[in-house]
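Since the structure is predicted, the reported quantities are computational estimates derived from the model, not experimental observations.
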Amino acid sequence: MPRLSPIERYRNIGVMAHIDAGKTTTTERILFYTGVTHRIGEIDDGTTVMDWMDQERERGITITSAAITTFWKDCRVNVIDTPGHVDFTIEVERSLRVLDGAIAVFCGVGCVQPQSETVWRQAEKYRVPRIIFINKMDRVGADYFRALDMIAERFAARPVAINIPWGSEDSLQGVVDLLSMKAIRYDEASLGANFEAVEIPVELRSLAEEKRQQLIEAAAEFDDEVMEAFVEGREPARERIIAGLRKGCIDLKIFPAFGGSAFRNKGIQPLLDGVVDFLPAPNDIAAVEGEAPDGQRAVREPSDMEPFSALAFKIVNDTFSGTLTYLRVYSGSVKSGDHVYNPLKKKRERIGRLLQMHANKREEITEIWAGDIAAVVGFKTAVTGDTLCAENKQIVLEKMDFPEPVISIAIEPKTKADQDKLGAALDKLSIEDPSFRVNADAETGQILISGMGELHLEIITDRLLREFKVQANVGKPQVSYRETIGKAVKSEGKYIRQSGGRGQYGHVWLELAPNASGAGFEFENALKGGVIPGEFVSAIEQGVVESMQSGVLAGYPMVDIKARLVDGSFHEVDSSDVAFKIAASMAFRDGASEADPILLEPIMDCEVICPDQYMGDVIGDLNARRGRIVGMEQESGAQKIRAQSPLANMFGYATGLRSLSQGRATYTMQFACYQPVPGGIAQEIVVRLRGF
């Protein structure tokens, strides 16, 4: 099958923004004006094409990135609509990893919002060229130029206005195109599908000329012909201005900006023109690099003639087709039925079927080429981030970085039937979503699921019920406490049993003492004179170690204890390993009960980065969580706060921190040490667990 569109006519783009900035509304208008849909989908009505999941339509938010293919001005545009909520940041991360360009949508009222900063940083990380769309220009308080100024200030970026709004708030009529120097008025009756170019209104002419001059100056920096015309005072050709701006955009030096209102159907067609004019085709960006089997650098040019290479960037469990693996093809081509190689798993994979995805609908195709984004049915071992390549020309592309989960909850099946299904369902969900983790706590016996926030885990549990028909209870995980002793004691353990034949005899004296924090368990044989034969010493030590697995206060493992074997006795016939093991266990438990046992809790090292204005609230909240501030320093215009806090008080911290900082603060947390629980709290924990 011949390639339908040449690679230079491809545009692989994502739509990214803060939650509620209008990404999905913008994408739905793109689909309508490009002819993919014949009815505009609305979030409020639950009729959107891109937000197709029940959970998305119920909540009015995007949860999972959806891909769709459309055409505009002879260009094939593969669009991925990404979530805006921080809990689903992995969807943005893996989409940007494989995209060539992006539309960054900003609210004309809120301008740069917290998640806008996150997605912008993600795009910077993968060096993705962007164009800017200032949306909601029909809203009260919308300010196009304030939004551009804030983008320039917050991101140290250089937005260049390609058009300016015509009117504002309720009187928004359209936009003024600075390339053609015409005003574009949209027809309300046709839902913005029809528009006309008219002369620029008098009141906007001066501003339009000023902004056009700035646009030409920006283009002149990247195109010699525009520079020459600018110096000579001539009007540069439109195609040369576009070429200059395109080069600056691809080099990440400038960011072409557009205004409009997606909801009011104004400004979308010029935005689509901007996608074609300014964002790169796959062959406009650098060749993809990776590592060959011998460890040497390997390169794949974006060409059909190169060996096949692709990256699996998303896994979806489909009810009808099984596992769908989304691929971005960087070089070469493959057909249905071909075999490709997974160098990370060292496995061959057969391509069963190839699908062109249209959100949750699909169209079967027979071949994919360099630059394509498609889904494959039939892969068995590939996961997100895996490379697929030609077996005789292997390459491993750069893997993706996945954020660590920040919140955990416990989950348990409601019935025995659910128990059988729960494990399989959780395995499928963890393969599909790399930011979702499943762990079994050996100490508490709980299944813990971890994710990026409470909403993330709420969606997971909802999907368990709806998609996998698994009924489950969720709740807070139990903290894995530890126990130790507070003073030195000497204790005796004697085990004597006589039942007819050979009996059991074991007798030991132990000295127990606290060990240094984190030093663990130490055992010393201090016997003298052969009071106990040496072959029984290891059994005595084993008896102590096994007894330490269940403490005397609340049944938690005991740590940081020194045990000295100082005396005892034996019977020539009745003594045995089992008898001395039991005697040692009795001596240890009796002694630990008398040695002022202490409950220890896990303490976490926390590092919070927040804007200066929220520092007081963040510190106050950490103090309320029994946190201890250990240091503060300035970092990149924000404060880095280092603290230590008990894990028991840090559940739900991700949500609390976002509330305190309007979503602008981030934190990391890792285990530091165990420390004694304050007396009153320790007593409450013991009473709760032991019931006395």
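- Panel note: side chain Asn12, backbone Val98; no donor-acceptor pair is recorded below 3.5 Å.
- Here the CE-CZ distance, from Met16 to Phe106, works out to 6.5 Å after rounding to the nearest 0.5 Å.
- Within the 4.5 Å cutoff, the side chain of Tyr326 has no heavy atoms near those of the Thr384 side chain.
- Atoms CD and CG, from Gln214 and Leu178 in turn, are 9.5 Å apart once rounded to the nearest 0.5 Å.
- The pair Arg246-Asp284 counts as a salt bridge, with a side-chain nitrogen and a carboxylate oxygen less than 4.0 angstrom apart.
- In terms of heavy-atom proximity, Lys266 sits nearest to Leu172 at CE-O, 3.1 Å.
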Handout entry: Intermediate values then yes/no, side-chain contact (heavy atoms from CB on, under 4.5 Å), Leu397 and Arg97
Key = CA-CA 11 Å; Leu397 303 177; Arg97 169 67 178 82; 4.2 Å; yes
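- No donor-acceptor pair closer than 3.5 Å links the side chain of Ser171 to the backbone N or O of Gly167.
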Handout entry: Full working for side-chain contact (heavy atoms from CB on, under 4.5 Å) between Tyr674 and Ile598
Key = CA-CA 11 Å; Tyr674 277 93; Ile598 299 169; over 6 Å; no
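- For the pair Val105 and Ala17, the tightest heavy-atom approach, listed with the atom from each and the gap, is O-CB, 3.0 Å.
- Between the OG atom in Ser517 and the CG atom in Leu600 there is a gap of 7.5 Å [rounded to 0.5 Å].
- In this structure, the side chain of Asp617 does not engage the main chain of Ser661 through any donor-acceptor pair within 3.5 Å.
- For the pair Tyr653 and Asp621, the minimum side-chain heavy-atom distance is below 4.5 Å.
- Distance check, rounded to the nearest 0.5 Å: CG of Leu599 to CD of Glu684 gives 12.0 Å.
- Counting heavy atoms from C-beta on, the side chains of Leu429 and Ile449 never come closer than 4.5 Å.
- The two residues Met137 and Pro165 come nearest to each other via the heavy atoms CE-CG, 3.9 Å.
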Problem - Residue pair Leu99, Tyr126: steps toward the side-chain contact (heavy atoms from CB on, under 4.5 Å) verdict - result: CA-CA 9 Å; Leu99 292 172; Tyr126 293 112; over 6 Å; no
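- Closest approach of Gly174 and Tyr186 over heavy atoms only: CA-CD1, 3.8 Å.
- With Ser645 contributing its side chain and Arg625 its backbone, the two residues share a donor-acceptor pair below 3.5 Å.
- Considering only heavy atoms from C-beta on, Arg642 stays 4.5 Å or farther from Asp605 through its side chain.
- Tested against Ile131, the residues Leu245, Ile254, Val160, Leu271 include a single side-chain contact (heavy atoms from CB on, under 4.5 Å) partner, Leu271.
- Atom SG in Cys249 sits 10.0 Å away from atom CZ in Phe222 (nearest 0.5 Å).
- Panel note: side chain Arg29, backbone Ile268; no donor-acceptor pair is recorded below 3.5 Å.
- Classification of Arg130 and Glu124 as a salt-bridged pair holds, one side-chain N sitting under 4.0 Å from a carboxylate O.
- Counting heavy atoms of neighbouring residues, nucleotides and ligands inside a 6.0 Å radius, atom CZ of Arg146 exceeds 12 of them.
- Looking at Asp100 and Leu279, their side chains never come closer than 4.5 Å, going by heavy atoms from C-beta outward.
- At least one side-chain heavy atom of Ile132 sits less than 4.5 Å from a side-chain heavy atom of Phe255.
- For the pair Val15 and Thr24, the minimum side-chain heavy-atom distance is 4.5 Å or more.
- Of the possible donor and acceptor atoms, none in the side chain of Asp177 sits under 3.5 Å from a partner among the backbone N and O of Ile184.
- Remark: Trp166 CH2 to Ile200 CD1 distance equals 10.0 Å, nearest 0.5 Å.
- The two residues Pro256 and Ile162 come nearest to each other via the heavy atoms CB-CG1, 3.7 Å.
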Problem - Steps toward side-chain contact (heavy atoms from CB on, under 4.5 Å) verdict (Glu210, Leu207) - result: CA-CA 5 Å; Glu210 176 193 341; Leu207 177 63; 4.2 Å; yes
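- In this structure, Val77 and Ile30 have side chains that are not in contact, with every pair of non-hydrogen atoms separated by 4.5 Å or more.
- Shortest non-hydrogen contact noted between Phe155 and Glu117 is CE2-CA, 3.8 Å.
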